[in-house]
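Keep in mind that this is a model prediction, so the values were computed, not measured.
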Amino acid sequence: MLSGKGLKFRFVTITSKEKICILDKPDCNPFACPRAAGHLDRVNDAVYDLLTNEETITRPLIEKYAEKHNVCPFEMTLDVATWADAVVCDYNYVFDPTVALKRFFGEEKKTDMVFLIDEAHNLTERAREMYSQTLIKEDFLAVKRAIKGKDAKLERALDSCNASFLMLKRQCEDFQVWDNLEELQPRLLRLLGIFEDFLDENRTPPESKDLVMNLYFDLRAFLNIYELIDDDYRIYTDYTQDGSFRLKLLCMEPKRLLKQRMALGRAGVLFSATLLPIRYYKDQLGGEEDDYAIYVPSPFDTKKRLLMVGNDVSTKYTRRNRTEYEKIANYVNVFTGKVGNYFVFFPSYQMLNDTAEVLKEVLEKELEKESVRIYTQTSGMTEPEKEAFLEVFETNPSCRNIGLCVMGGIFGEGIDLKEDRLIGTVIVGTGLPMVCNEKELFRTYFEEKLGTGFEYAYLYPGMNKVMQSAGRVIRTTEDVGAILLLDERFLQKQYQSLFPREWFPFETVNLDGLEDKLRDFWKGNENG
């Protein structure tokens with residue numbers, strides 16, 4: 001928009017190495033990549049050519065000029081970034097201690113950079129992941145087997161670390177929190193030094209390269225994070241689903257480290273449609289009490305949106321059974337009665353799949369006539385699979401298209417199905433994370449520190465997923481749509497206190513009155 005008014009502003013978008021690499025799997029060895037040999041001799045010409053001819057530097061342009069000059073598109077992007085007025089990139093290029101751009105942050109000095117952070121509600125959890133690190137005991141034994149006979153010194157160092165892991169394992173029946181790693185950490189440091197000598201001498205068996213390198217990078221990242229540990233960390237051991245023994249450095253709250261990073265710039269502006277409650281996000285994202293917080297009223301006409309809460313459904317773990325699934329399926333059937341595109345969001349894949357079976361029974365006749373079609377999100381969908389899923393939800397649909405999705409997943413935020421590509425969303429449950437050892441660690445930590453254990457560990461993250469899922473429906477001022485929240489807990493003050501202002505007033509419904517509410521709404525928006 002600004003460029004259209006005459007702004008001269010060069011910006012570049014960084015695409016990850018995995019996505020932009022010309023190989024199926026990145027390998028910067030000149031023997032594997034035809035562009036690696038001589039890259040440095042050619043890249044300056046490539047960058048100059050691009051900068052003198054383009055301003056809006058997108059992935060297709062990077063790929064075009066990289067191919068023209070036979071250079072690595074990812075490395076070229078990083079070189080171009082130093083000449084740009086703005087860089088559009090993922091959080092990790094700024095905040096992740098392992099992959100942050102050394103070109104901008106290597107000297108750890110204050111600069112004139114301004115950080116504009118979109119979808120900032122995600123940064124809390126993402127930052128916790130960036131500032132946490134894990135080691136698996138079995139990886140040390142696997143690497144020892146892989147390099148057997150290649151380096152006796154490295155084998156002994158791996159054995160020494162494994163022995164320390166074994167001592168921890170003997171004291172960990174299921175889940176164990178530790179004060180420190182006084183014995184293990186020096187052994188890991190020694191192993192890292194020996195590891196680097198081994199890699200410098202290039203003695204890694206080719207067939208074991210990935211295995212060896214993965215442990216080396218995990219080890220280096222683990223020790224880097226260990227240097228950051230303060231009172232806002234916990235150290236624990238437990239077992240993975242396949243029975244492997246895991247040691248984790250868990251960042252409980254990232255605000256100290258985020259604040260340090262943002263202090264390298266001139267200012268930071270964090271924005272999202274769901275930064276509620278603002279005090280929680282300001283606290284966790286490193287804000288100060290006197291930092292400005294602005295709530296912008298929604299530009300959308302509330303008459304074009306119907307928000308309802310079902311008062312007779314529960315998704316509590318103790319209530320998840322056939323009876324509740326049938327109730328949910330009947331709600332979905334009535335809610336999607338009008339021809340159009342709909343999403344139904346669930347708190348987990350397990351509940352999605354269990355309810356889907358019942359829903360198919362309820363809609364059996366309509367499915368046979370193809371007046372209804374059901375599409376189900378699956379775990380680990382690829383980018384092409386995601387695109388194919390979304391393409392189903394076209395404008396002017398001829399039948400009822402129902403997409404069953406998971407809250408907080410790839411369809412729960414960041415997608416724009418405008419106009420009648422999506423006219424209704426059902427949100428099943430409050431989005432609370434499943435109770436597990438790690439979540440309970442968060443709950444205990446924040447309860448002791450702030451008296452907000454349940455809120456910080458479960459309630460706020462869960463309700464953010466709910467709000468993001470609901471936000472898929474109304475994307476423009478012309479959109480018309482209905483939202484149905486299915487869980488009796490949404491009628492409690494604790495949950496309603498987190499509703500955005502524009503969610504009031506809402507309609508409380510049961511299955512008997514749902515059809516009438518929808519009929520009146522759609523009739524009132526016939527020209528919408």
- Task: Taking R256 for its side chain and G286 for its backbone only, find out whether a donor-acceptor pair lies under 3.5 Å.
- Result: no
- Please check if the side chain of R220 supplies one atom and the backbone of L215 the other of a donor-acceptor pair under 3.5 Å. no
- Task: Identify whether the distance between the nearest side-chain nitrogen and carboxylate oxygen of R373 and E370 falls below 4.0 Å.
- Result: yes
- Item | Intermediate values then yes/no, side-chain contact (heavy atoms from CB on, under 4.5 Å), L484 and V332 | CA-CA 9 Å; L484 174 62; V332 172; over 6 Å; no
- Message: Would you say that M213 contacts D210 through its side chain, given a criterion of any heavy-atom pair below 4.5 Å between the two side chains?
- Response: no
- With sequence neighbours left out, which residue pairs that include part of residues 217-238 fulfil the ring pair (Phe, Tyr, Trp, His ring centres under 6.0 Å) condition? F175-Y236
- Side chain proximity check, F74 to P26, heavy atoms < 4.5 angstrom: no
- Any residue meeting side chain to side chain contact (heavy atoms under 4.5 Å, CB included) with E448, in chain and number order, not counting sequence neighbours: T444
- Measure the acute angle between the ring planes of F335 and Y342, then classify it against the limits of 30° and 60° as parallel, tilted or perpendicular. perpendicular
- Query: Would you say R305 and V480 make side-chain contact, with heavy atoms under 4.5 Å?
  - Reply: no
- Task: State the OG1-CD distance between T382 and E385, to the nearest 0.5 angstrom.
- Result: 3.5 Å
- Item | From CZ (F521) to CG (L307), nearest 0.5 Å | 10.5 Å
- For Q492, does the CD atom have more than 12 heavy-atom neighbours from other residues, nucleotides or ligands under 6.0 Å away? yes
- Item | N-O pairing of E253 and K449 below 4.0 Å | yes
- Message: Give me each pair satisfying side chain to side chain donor-acceptor pair (under 3.5 Å) with a member in residues 392-417, each pair once, sequence neighbours excluded.
- Response: H121-E413, N122-E413, N333-R400, T336-R400, N341-N401, D416-R475
- Message: What's the separation between atom OG1 in T378 and atom CE in M381, rounded to the nearest 0.5 Å?
- Response: 4.5 Å
- Note on the structure: With sequence neighbours left out, the residues meeting ring pair (Phe, Tyr, Trp, His ring centres under 6.0 Å) with F411 are F389
- Query: Would you say D96's side chain and Y93's backbone share a donor-acceptor pair under 3.5 angstrom?
  - Reply: no
- Item | With sequence neighbours excluded, residues passing salt bridge (Lys or Arg N to Asp or Glu O under 4.0 Å) with E368 | none
- Task: State whether the side chain of R234 and the backbone N or O of M252 hold a donor-acceptor pair below 3.5 Å, judged by distance alone.
- Result: no
- Task: Answer yes or no: does atom CD of Q176 have more than 12 heavy-atom neighbours from other residues, nucleotides or ligands under 6.0 Å?
- Result: yes
- Quick one: closest heavy-atom pair of C161 and L184, and the distance? O-CD1, 4.0 Å
- Say whether, by atom type as modelled, one donor and one acceptor occur between the side chain of K327 and the main chain of D312 under 3.5 angstrom. yes
- Item | With sequence neighbours excluded, residues passing salt bridge (Lys or Arg N to Asp or Glu O under 4.0 Å) with R170 | none
- Message: Please evaluate residues Q468 and T274 with respect to the criterion side-chain hydrogen bond (donor to acceptor under 3.5 Å, both in side chains), reporting the C-alpha separation (whole Å), side-chain torsions for both, the decisive distance (0.1 Å), and the verdict.
- Response: CA-CA 7 Å; Q468 281 290 326; T274 57; 2.8 Å; yes
- Item | Donor on one side chain, acceptor on other, Y331 and N510, under 3.5 Å | no
- Query: Would a distance-only check, ignoring hydrogens and angles, find a side-chain to backbone donor-acceptor pair under 3.5 Å from D90 to N92?
  - Reply: yes
- Just do the side-chain contact (heavy atoms from CB on, under 4.5 Å) check on N311 and E488 with the steps written out, would you? CA-CA 5 Å; N311 64 3; E488 58 193 17; 5.8 Å; no
- Item | Test side-chain contact (heavy atoms from CB on, under 4.5 Å) applied to E324 and N321, step by step | CA-CA 6 Å; E324 289 298 322; N321 52 47; 3.7 Å; yes
- Query: So do the side chains of D174 and N437 get within less than 4.5 Å of each other, counting heavy atoms only?
  - Reply: yes
- Item | Distance, nearest 0.5 Å, that separates CZ of R319 from CG of D487 | 9.0 Å
Do any side-chain atoms of residues 452-459 form donor-acceptor pairs under 3.5 angstrom with protein atoms, and if so which ones, sequence neighbours left out?
{"residue": "Y456", "atom": "OH", "partner": "D283", "partner atom": "OD2", "Å": "3.4"}
{"residue": "Y458", "atom": "OH", "partner": "E440", "partner atom": "OE2", "Å": "2.7"}

- Measure up the F115 and F95 rings against each other and bin them: parallel (under 30°), tilted (30 to 60°), perpendicular (over 60°). tilted
- Message: Could you check whether any side-chain heavy atom of D230 comes within less than 4.5 Å of a side-chain heavy atom of L228, counting everything from C-beta outward?
- Response: no
- Task: Kindly say whether the aromatic ring centers of F345 and F343 come within a distance under 6.0 Å.
- Result: yes
- Message: I need the single residue from D231, L250, L450, D232 that forms a side chain to side chain contact (heavy atoms under 4.5 Å, CB included) with Y445. Which is it?
- Response: D232
- Who are the side chain to side chain contact (heavy atoms under 4.5 Å, CB included) partners of K360, not counting sequence neighbours? E357, L367, I374
- Do E507 and L306 touch side chain to side chain, with heavy atoms closer than 4.5 Å? yes
- Mind checking the CG-OH spacing from L390 to Y375? Nearest 0.5 Å is all I need. 12.5 Å
- Item | Pairs meeting criterion side chain to side chain donor-acceptor pair (under 3.5 Å) with involvement of residues 127-143, two or more places apart | E125-R128, R128-Q284, K137-N162
- Message: I'd like to know if the side chain of Q496 and the backbone of L491 have a donor-acceptor N/O pair within less than 3.5 Å.
- Response: yes
- Message: Please enumerate all residues that pass side chain to side chain contact (heavy atoms under 4.5 Å, CB included) together with V406, with sequence neighbours excluded.
- Response: Y349, L352, Q377
- Query: Does D301 have any side chain to side chain contact (heavy atoms under 4.5 Å, CB included) partners at least two apart in sequence or in another chain, and if so, which?
  - Reply: K303, K304
- Pairing residues for D118 by the salt bridge (Lys or Arg N to Asp or Glu O under 4.0 Å) criterion, not counting sequence neighbours: none
- Task: Measure up the F490 and F499 rings against each other and bin them: parallel (under 30°), tilted (30 to 60°), perpendicular (over 60°).
- Result: tilted
- Message: Donor-acceptor pair, distance only, cut-off 3.5 Å: does the side chain of R322 make one with the backbone of V358?
- Response: no
- Validation row: Q350, R320 side chains within 4.5 angstrom (heavy atoms): no
- Any side-chain donor-acceptor pair under 3.5 Å between N464 and Y281? yes
- Show your working on side-chain contact (heavy atoms from CB on, under 4.5 Å) between L417 and R472 and close with a plain yes or no. CA-CA 7 Å; L417 297 178; R472 297 314 97 207; over 6 Å; no
- Going by distance alone, is a donor N or O of one side chain under 3.5 Å from an acceptor N or O of the other, for T315 and R489? yes
- Message: Does any part of the side chain of L181, heavy atoms only, come nearer than 4.5 Å to the side chain of L247, both counted from C-beta?
- Response: yes
- Value rounded to 0.5 Å, distance of SG in C405 from CD1 in I410: 8.5 Å
- Query: Does a side-chain N-to-carboxylate-O contact under 4.0 Å join K282 and E289?
  - Reply: no
